[in-house]
K.L.:
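This is the structure I want to talk about, given as structure tokens.
We use all heavy atoms of the structure for the numbers below, so side chains are in, but hydrogens, waters and symmetry mates are not.
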Amino acid sequence: MHILHLIDGTVGWEQRIALNQLLDQLSRGRFDQSIASVSGSARHQLGLADERVPLFARRGWMHHICGPRLRRWVQRTHVDLVHAWGLDAAETAGLALRSSTPLLVSQFDPCPPDRRVNMLRTILPMTRGAIACAASTVRRRLIERGVGEDRCVVVRPGVDFGTINETRKLRAHATNGGEPRPTLVVTADAGSPDAGQEIAVWATAARSNLDPHIQAMVPGMTRQHHRLMRAATAVGRPEAVAWSSPEAPFEALVTEADILLLPVSRDISTTAIAWAMAGSTLVVAGAVYATAELLAHQHNALLIKPDTPRRMAIRVAATLGDLEGVAELKDTARGQAYEVFGVRRCIDQHARLYDNLIAGRDPGDGIVDSSSIGVAAPNRPLNG
């Protein structure tokens, strides 16, 4: 069974982890896997050698230009299924494939633009396609916008607990080895501009006026660099903000940090929350549907009521100053992550999804969601 992974310029750390897990752990006796790209930058972002990754470049929005070339390549290499790791890749594949070659689209963001959702509604019936939704909120939002319910299957991301355990050991050793390190607060990655980075930086910098041992870490040099620096300067603490190296894996920053701060007011991808829970990193987040799917206030995280940016920033700053008793929250979160985000389960569910699509069965046949943690979590009042 030959699976073609098709990537595009929107690939980020979530796609990199999931794709590498499949390439490394999917049964080689049953599956042959190859990679192609519709964007040269995607090959660079994933660190893939150009000669191993065919490029079917498009020009701007004109996906039809590379469609015929991709179709001929799929036929020549006897591809059984195309797995698109981005909506550009999905649109290109939808124009290239015939109904004899099914299409799977991995979707992490619960709020893609309307044009993209309309595209999915069009191409999925044409390609016997399905969407692997990284969370129940992703599935719900797509169904609410007209994507077929039977086409959306929840396959939660896999978290590498082996790597996380090594990181935890190094963190504990560094803590015991000398002076205590600052309380490190990590914001959302650069690919999530709507995840409250400016609020997170302002609140952390403001809190550092009272607690100089707290520091905000912004992953990579984002386009918001100057705006974020202005936010820290506005409260007189530009030194309370640091930028990580662009080469530093975001998931490593999350598991090395003390707090993952996501003061959001809209639904976002929650893969970072899964890694934070697994790494015993306290999650402080806005209470929206996506985060509440995994988190409950004062049970496994601290949640903030969505509000205006100014009011949320003030509430976050106050929350950062009141972290007594959070060890129990982190232990609860880690135990729940272990139950829900296993890599082996994620790999097995992808294999089952591939089998279902190729055999013409219902995409979700035999695939059971590893459960929504938030459903079983007790209801507690939000702070603020």
Side-chain angles (χ1 to χ4, degrees), residues 13-14 17-18 21 108 110 133-138 154-172 183-189 192 195-196 200 217 219 249-264 267-304 316 319-320 323 325-346 349 369-380 382-383:
W13 71 278
E14 296 169 296
I17 291 173
Q21 288 172 348
F108 295 86
C133 305
S136 293
T137 303
V138 176
V154 176
V155 179
R156 296 188 183 272
V159 174
D160 187 346
F161 279 86
T163 299
I164 287 175
N165 289 337
E166 290 299 317
T167 301
R168 282 163 52 87
K169 289 178 183 177
L170 292 174
R171 185 167 64 183
T183 299
L184 188 61
V185 178
V186 169
T187 71
D189 67 296
S192 304
M217 174 68 73
F250 177 67
E251 66 275 16
L253 295 176
V254 169
T255 54
E256 290 171 3
D258 299 286
I259 299 170
L260 173 65
L261 183 50
L262 302 171
V264 296
D267 287 332
I268 58 168
S269 173
T270 54
T271 310
I273 292 176
W275 280 80
M277 292 171 68
S280 296
T281 299
L282 176 67
V283 181
V284 178
V288 295
Y289 282 107
T291 57
E293 180 182 332
L294 301 176
L295 307 172
H297 182 56
Q298 292 183 348
H299 175 69
N300 58 4
L302 298 175
L303 298 182
I304 310 292
V316 170
T319 299
L320 294 177
L323 299 178
V326 298
E328 184 177 347
L329 274 60
K330 295 190 289 185
D331 288 344
T332 300
R334 180 171 169 80
Q336 291 174 325
Y338 187 80
E339 293 294 325
V340 176
F341 299 110
V343 173
R344 187 68 259 165
R345 179 189 284 120
C346 179
Q349 289 184 337
D369 182 9
S370 51
S371 87
S372 296
I373 302 171
V375 171
N379 292 320
R380 297 180 187 273
L382 301 183
N383 55 358

K.L.:
Taking all non-hydrogen atoms of both residues into account, name the closest pair between Trp275 and Ile17 and its distance.
P.N.:
CZ2-CD1, 3.7 Å
K.L.:
When you compare the side chain of Val316 with that of Leu261, does any pair of heavy atoms fall below 4.5 Å?
P.N.:
yes
K.L.:
Is there a donor-acceptor pair closer than 3.5 Å between any side-chain N or O of Thr281 and the backbone N or O of Leu260?
P.N.:
no
K.L.:
Indicate the atoms forming the closest heavy-atom contact of Thr187 with Pro219, along with that distance.
P.N.:
OG1-CD, 3.3 Å
K.L.:
Checking side-chain contact (heavy atoms from CB on, under 4.5 Å) against Leu303, which of Leu295, Val288, Val283, Val284 comes through?
P.N.:
Leu295
K.L.:
Got a donor-acceptor contact below 3.5 angstrom from the Thr291 side chain to the Gly286 backbone?
P.N.:
yes
K.L.:
To the closest 0.5 Å, what do you measure between CD1 (Ile273) and CG (Leu262)?
P.N.:
5.5 Å
K.L.:
About how many Å separate OG of Ser370 and CZ of Arg156, when rounded to the nearest 0.5 Å?
P.N.:
5.5 Å
K.L.:
Less than 4.5 Å apart, any side-chain heavy atom of Thr270 and any of Glu293?
P.N.:
no
K.L.:
Keeping Arg334 on the side-chain end and Met277 on the backbone end, is there a donor-acceptor pair under 3.5 Å?
P.N.:
no
K.L.:
Would you check if the side chain of Asn300 reaches a backbone N or O of Thr332 as a donor-acceptor pair within less than 3.5 Å?
P.N.:
no
K.L.:
If you draw a 6.0 Å radius around CZ in Phe161, do more than 12 non-hydrogen atoms from other residues or ligands fall strictly inside?
P.N.:
yes
K.L.:
What is the distance from atom CD1 of Ile259 to atom CG of Leu323, rounded to the nearest 0.5 Å?
P.N.:
5.0 Å
K.L.:
Which heavy-atom pair separates Gly158 from Gln21 by the least distance, and what is that distance?
P.N.:
O-NE2, 3.1 Å
K.L.:
Indicate yes or no: at least one non-hydrogen side-chain atom of Glu256 is less than 4.5 angstrom from one of Met217.
P.N.:
no
K.L.:
Looking at every heavy atom in both Val264 and Ala195, which two are closest together, and how far apart are they?
P.N.:
CG1-CA, 3.4 Å
K.L.:
What are the two closest heavy atoms between His297 and Leu302, and how far apart are they?
P.N.:
ND1-CA, 3.6 Å
K.L.:
Under 4.5 Å between any side-chain heavy atoms of Val340 and Leu294, yes or no?
P.N.:
no
K.L.:
Kindly give the heavy-atom pair with the smallest separation between Phe108 and Ala18, and that separation in Å.
P.N.:
CZ-CB, 4.4 Å
K.L.:
Scan side-chain atoms only and decide if Ser269 and Glu14 contain a donor-acceptor pair under the 3.5 Å cut-off.
P.N.:
yes
K.L.:
Is the shortest heavy-atom distance from the side chain of Val159 to the side chain of Tyr338 under 4.5 Å?
P.N.:
no
K.L.:
Tell me, do Ser136 and Asp369 make a side-chain contact under 4.5 Å, heavy atoms counted?
P.N.:
yes
K.L.:
Can you find a pair of side-chain heavy atoms, one from Trp13 and one from Leu253, that are under 4.5 Å apart?
P.N.:
no
K.L.:
Does Thr255 reach the main-chain N or O of Gly279 with its side chain, forming a donor-acceptor pair under 3.5 Å?
P.N.:
no
